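Taking it in order: structure first as structure tokens, then the write-up.
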Amino acid sequence: MANQKIPEEAIRKLDSLFESYCIVAEDIHVFLCDMRYDYSRWSKELVETFGLPSEYMYNAGYIWEQHIHPEDRQAYRDGVDAIFSGKQAGHDMQYRAMRPDGETVLCTCRGIVITDEFGTPEYFGGAIRNHNQRSHIDTLTGLRNQYGFFADLQEYIRNKKEVRIGMAGIGKLTEINEVYGYKVGNKILQYFGRYLMDHVTNRGGTYRMDGACFAIMSTGQTVEQLAELYEEIRAHFRKGIKVDDLELAVELNAGLLPLEDFDVDDQTVYSCLNFAYEESKIKKHGDLVIFQNGQRGDSRRELEKLHVIRAAISKNYKGFYLLYQPVVDAETEKLIGAEALLRFKNDKYGVVPPDVFIPFLETDPLFPELGEWILKTAMRDAKKLIEYVPGFVINVNLSYSQMERADFTEVVWNAIRKAGFSPEHLCLEITERCRLLDMDLLRNVMVSLRAEGVRIALDDFGTGYSAVGLIKNLPFDTIKIDRSFVREIEEDEKERRMVNNFADLAGTFGADVCVEGIETQGMREILKDYGIHSLQGYYYSRPVPIGELLEMAKSGTDCLIK
Ligand code: C2E
Ligand code: MG
Ligand code: MG
């Protein structure tokens with residue numbers, strides 16, 4: 001069909017109709033054709049998903065036909081012909097459409113013909129639902145869900161549009177569910193969603209995220225204004241809300257991240273937002289935590305750095321390497337093991353210590369992959385050490401998010417087997433953050449690993465809240481006392497007593513004790529009499545590359561003390 005050129009005013013009308021349809025078409029993709037010119041506008045998502053030439057197209061029916069599975073084409077062509085020839089006033093069909101990457105997706109296409117006052121067909125409009133695409137709406141609250149959040153976030157990043165992203169959530173929803181039942185929990189979520197929407201309108205988009213969390217994205221409000229808004233919302237919920245006959249005071253937590261740098265991906269942004277939220281929940285009793293509370297330039301650079309580090313995981317771990325810090329026997333001061341410590345290095349950022357990126361990335365879905373690489377690399381290196389120090393134990397740090405995975409023990413076990421490593425030479429260190437996990441799950445993981453000979457240590461003992469509860473309930477082989485407890489041990493009698501008590505306590509539960517952060521001969525002398533099994537610290541050695549550690553192992557202990 002040769003098309004007559006469409007005039008500008010007809011395009012304007014097409015656009016305004018199209019845009020009004022789009023507003024009501026959440027999750028489905030709109031197309032609209034001015035039949036007089038066979039000129040159409042199709043939704044951007046369809047154009048992008050299926051690789052169509054443009055949002056505006058002459059002969060869109062024919063173009064679209066080329067994207068339909070060959071077996072379904074005839075039926076589609078018949079349907080479109082019937083519409084354009086006036087035999088039918090609409091269609092409702094399913095067919096398979098093909099994406100440029102070759103994947104076939106099932107679509108439902110519904111459309112109707114709109115006629116003018118004389119009954120002449122004017123527009124053919126409708127919507128295509130891509131069944132492979134996940135819904136962007138949360139059924140409980142009616143808000144956009146996590147998929148909607150990511151779709152919008154990607155859009156902000158693509159368009160380099162500054163936006164402030166907040167995440168707020170209900171503390172203790174699990175307990176509320178347990179005490180009052182799920183229905184009450186759900187009503188609170190609905191109330192919260194509704195309340196947010198009412199109070200955020202015009203200030204940004206509102207989203208229901210995982211579990212008890214909600215997010216907002218705002219382009220118009222400053223960080224300070226959003227912080228104020230959070231305090232208002234928090235005060236409202238703290239005062240108590242009415243759900244059925246109940247009056248419940250609800251505590252909230254929240255994190256905020258200003259997005260000003262666009263050399264990042266959505267997952268890095270989400271990981272950092274999540275981190276800010278977790279900090280609010282775990283350490284700040286619900287006070288708003290702003291990602292990189294520092295200078296304006298800082299959060300931009302931090303985010304970009306984290307993005308680069310995260311991306312390196314998918315680029316064959318380029319830039320990651322391990323250093324090893326010796327662990328010595330407390331009595332003989334001979335090398336008995338080492339702790340593997342992760343570093344990242346590239347030209348732009350130099351050497352980046354783990355504290356800078358691990359806390360942000362440990363909830364990232366990519367992190368367990370990095371964890372596996374650390375484990376494999378550490379065992380490969382440790383095998384060389386065992387030749388010189390037969391009882392050598394390599395300590396590998398774990399993040400709680402690795403242990404959360406259903407296949408965690410299998411991953412460890414496969415890595416051990418593939419490395420041809422004896423499990424008794426491996427000690428996995430977990431921190432008190434593991435209390436974020438389900439205790440039964442954690443115990444099962446520990447019991448099954450220990451049954452195979454792997455040791456488990458509790459790292460940074462004393463820095464968290466429920467350390468004593470943890471060592472009472474979980475079977476640790478070693479307790480590592482955090483260096484903050486020994487820093488002043490030479491001057492401070494109280495600190496000495498505390499470390500002594502910790503050592504006794506660990507002994508009561510059958511665990512060995514390792515003290516970290518030994519920096520001086522004086523510290524070591526004091527600790528000699530406390531029934532401690534091993535020591536670690538700069539006094540013996542800083543973390544070193546594997547080559548240096550091997551040299552130490554070959555030449556005995558003398559070179560350990562520098
Ligand atoms: P950590 O496991 O408690 O590791 C000990 C940290 O204390 C290391 O810092 C080490 O360099 C430092 N250190 C050791 N002796 C002394 C001393 O005498 N004085 C002082 N001031 N510091 C000492 P690093 O390597 O920066 O690691 C920091 C934390 O990052 C680690 O604490 C651990 O929680 C985490 N981390 C490191 N590597 C990994 C890893 O491969 N996986 C995971 N999940 N976390 C890791
Ligand atoms: Mg450690
Ligand atoms: Mg430690």
Side-chain angles (χ1 to χ4, degrees), residues 275 309 312-313 317 319-328 337-345 350-364 366-379 381-382 393-405 408 411-412 415 426-434 436-437 455-464 467 476-490 502 513-524 527 534-546 549 560-562:
F275 174 80
I309 295 174
I313 301 178
Y317 311 100
F320 288 108
Y321 62 98
L322 296 179
L323 292 182
Y324 296 92
Q325 185 175 38
V327 175
V328 304
E339 176 172 4
L341 295 160
L342 185 65
R343 300 286 182 270
F344 179 84
K345 185 180 175 186
V351 176
V352 187
D355 288 340
V356 171
F357 58 91
I358 289 180
F360 297 98
L361 297 184
E362 68 184 352
T363 54
D364 195 290
L366 276 184
F367 193 84
E369 244 177 75
L370 178 62
E372 209 176 321
W373 176 85
I374 296 168
L375 189 61
K376 283 181 185 159
T377 311
M379 285 195 290
D381 286 347
V393 171
I394 184 75
N395 284 35
V396 176
N397 292 284
L398 290 180
S399 281
Y400 74 97
S401 60
Q402 288 169 267
M403 306 188 76
E404 206 171 24
R405 304 251 299 214
F408 175 71
V411 167
V412 174
L426 176 66
C427 176
L428 299 175
E429 293 191 7
I430 60 181
T431 64
E432 289 167 47
R433 268 172 86 83
C434 70
L436 295 173
L437 299 175
R455 299 162 195 234
I456 314 271
L458 178 62
D459 201 358
D460 303 340
F461 179 82
T463 55
F476 288 104
D477 296 275
T478 304
I479 307 296
K480 296 186 75 171
I481 296 179
D482 190 66
R483 65 170 185 270
S484 55
F485 285 95
V486 291
R487 209 174 284 141
E488 323 246 282
I489 203 165
E490 288 174 83
F502 283 165
V513 178
C514 172
V515 179
E516 303 185 85
I518 309 298
E519 292 186 350
T520 62
Q521 162 114 38
M523 286 163 105
R524 181 254 171 303
L527 291 169
S534 55
L535 302 168
Q536 188 182 340
Y538 293 172
Y539 172 64
Y540 295 105
S541 167
R542 289 186 175 256
V544 294
I546 181 65
L549 185 66
L560 275 174
I561 303 164
K562 300 201 163 167

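All ligand and atom numbering here is 1-based and tracks the order in the structure. Treat the numbers as computed from the prediction; the structure is a model and nothing was measured. One-based numbering along the sequence shown.
- Expressed to the nearest 0.5 Å, how far CE of M523 lies from OH of Y538 amounts to 12.0 Å.
- Taking CD1 of I313 as the reference point, atom CZ of F367 lies at 7.0 Å (rounded to 0.5 Å).
- Distances from atom 37 (C) of ligand 1 to the heavy atoms of A340, P354, G537 put P354 nearest.
- Here's the thing with Q536: none of its N/O atoms is less than 3.5 angstrom from an N/O atom of ligand 1.
- Distances from the Mg ion (ligand 2) to each N, O or S atom of E339 single out OE2 as the nearest.
- Take the N/O/S atoms of D460: the one nearest the Mg ion (ligand 3) is OD1.
- Residues E516 and V486 have side chains not in contact (no heavy-atom distance under 4.5 Å, counting atoms from C-beta outward).
- Side chains of I430 and Y400 form no contact here, defined as non-hydrogen atoms less than 4.5 Å apart.
- At least one N or O atom of E516, backbone or side chain, sits closer than 3.5 Å to an N or O atom of ligand 1.
- Take the N/O/S atoms of D459: the one nearest the Mg ion (ligand 3) is OD1.
- In this structure, of Y538, W373, F320, F367, the residue bringing a heavy atom nearest to atom 13 (N) of ligand 1 is Y538.
- Classified by interplanar angle (parallel below 30°, tilted 30° to 60°, perpendicular above 60°), the ring pair W373/Y317 is parallel.
- Among the backbone and side-chain atoms of T431, no N/O/S atom is found under 2.8 Å from the Mg ion (ligand 2).
- Coordination check, E516 versus the Mg ion (ligand 3): passed, since an N/O/S atom of the residue sits under 2.8 Å.
- With rounding to the nearest 0.5 Å, the separation of CD in E519 from CZ in R542 is 8.0 Å.
- For atom 1 (P) of ligand 1, the closest non-hydrogen atom on the protein side is D459 OD2, 3.6 Å.
- Residues C427 and I456 share a closest heavy-atom pair of SG-C, 4.3 Å.
- Here the side chains of L375 and L428 are in contact, with some heavy-atom distance below 4.5 Å.
- Backbone or side-chain N, O or S atoms of E429 do not reach the Mg ion (ligand 3) at under 2.8 Å.
- Ranking the protein heavy atoms by distance from atom 46 (C) of ligand 1 puts I358 CD1, 3.4 Å first.
- Relative to the ring axis of F408, R405 does not place its NZ or CZ within 45° and under 6.0 Å from the centre.
- The CG atom of L535 sits 6.0 Å away from the CZ atom of R524 when rounded to the nearest 0.5 Å.
- Looking only at protein heavy atoms, the nearest one to atom 7 (O) of ligand 1 is R483 NH1, 2.6 Å.
- With ligand atoms numbered from 1 in the order given, ligand 1 contributes 28 (C), 29 (C), 30 (O) to contacts under 4.0 Å with heavy atoms of D355.
- L341 pairs in a side chain to side chain contact (heavy atoms under 4.5 Å, CB included) with only one of the listed residues (L322, N397, V544, N395), which is N397.
- If you check which protein heavy atom lies closest to atom 44 (N) of ligand 1, you get S399 OG, 3.2 Å.
- Applying the 4.0 Å criterion to heavy atoms of E519 picks out, from ligand 1, the atoms 17 (C), 18 (O), 19 (N), 20 (C), 21 (N).
- Heavy atoms of R542 come nearer than 4.0 angstrom to ligand 1 in no pair at all.
- Annotation for V352 and F357: closest pair O-CE2, 3.6 Å, computed over non-hydrogen atoms.
- In this structure, CZ on R483 lies 15.0 Å from CD1 on I489, to the nearest 0.5 angstrom.
- Nearest protein heavy-atom contact of atom 15 (N) of ligand 1 is Q325 NE2, 2.9 Å.
- No N or O atom of T431 sits closer than 3.5 Å to an N or O atom of ligand 1.
- Considering backbone and side-chain N/O atoms, L342 comes within less than 3.5 Å of an N/O atom of ligand 1.
- Considering backbone and side-chain N/O of N397, one or more are found under 3.5 Å from N/O of ligand 1.
- Side-chain contact between F275 and D364 is absent, with no heavy atoms from C-beta onward closer than 4.5 Å.
- Here is the list of ligand 1 atoms found below 4.0 Å of a heavy atom in D460: 3 (O).
- Among protein heavy atoms, atom 31 (C) of ligand 1 sits closest to L341 CD2, 4.3 Å.
- In this structure, OG1 on T478 lies 10.5 Å from CG on D459, to the nearest 0.5 angstrom.
- Counting heavy atoms under 4.0 Å from ligand 1, residue R343 touches it through the side chain alone.
- Under 4.0 angstrom from ligand 1, there are no non-hydrogen atoms of E362.
- Atom 41 (O) of ligand 1 is flagged as protein-proximal [any protein heavy atom, distance under 4.0 Å].
- Side chains of L370 and L342 form a contact here, defined as non-hydrogen atoms less than 4.5 Å apart.
- Annotation: atom 11 (O) of ligand 1 to nearest protein heavy atom, P543 CG, 3.4 Å.
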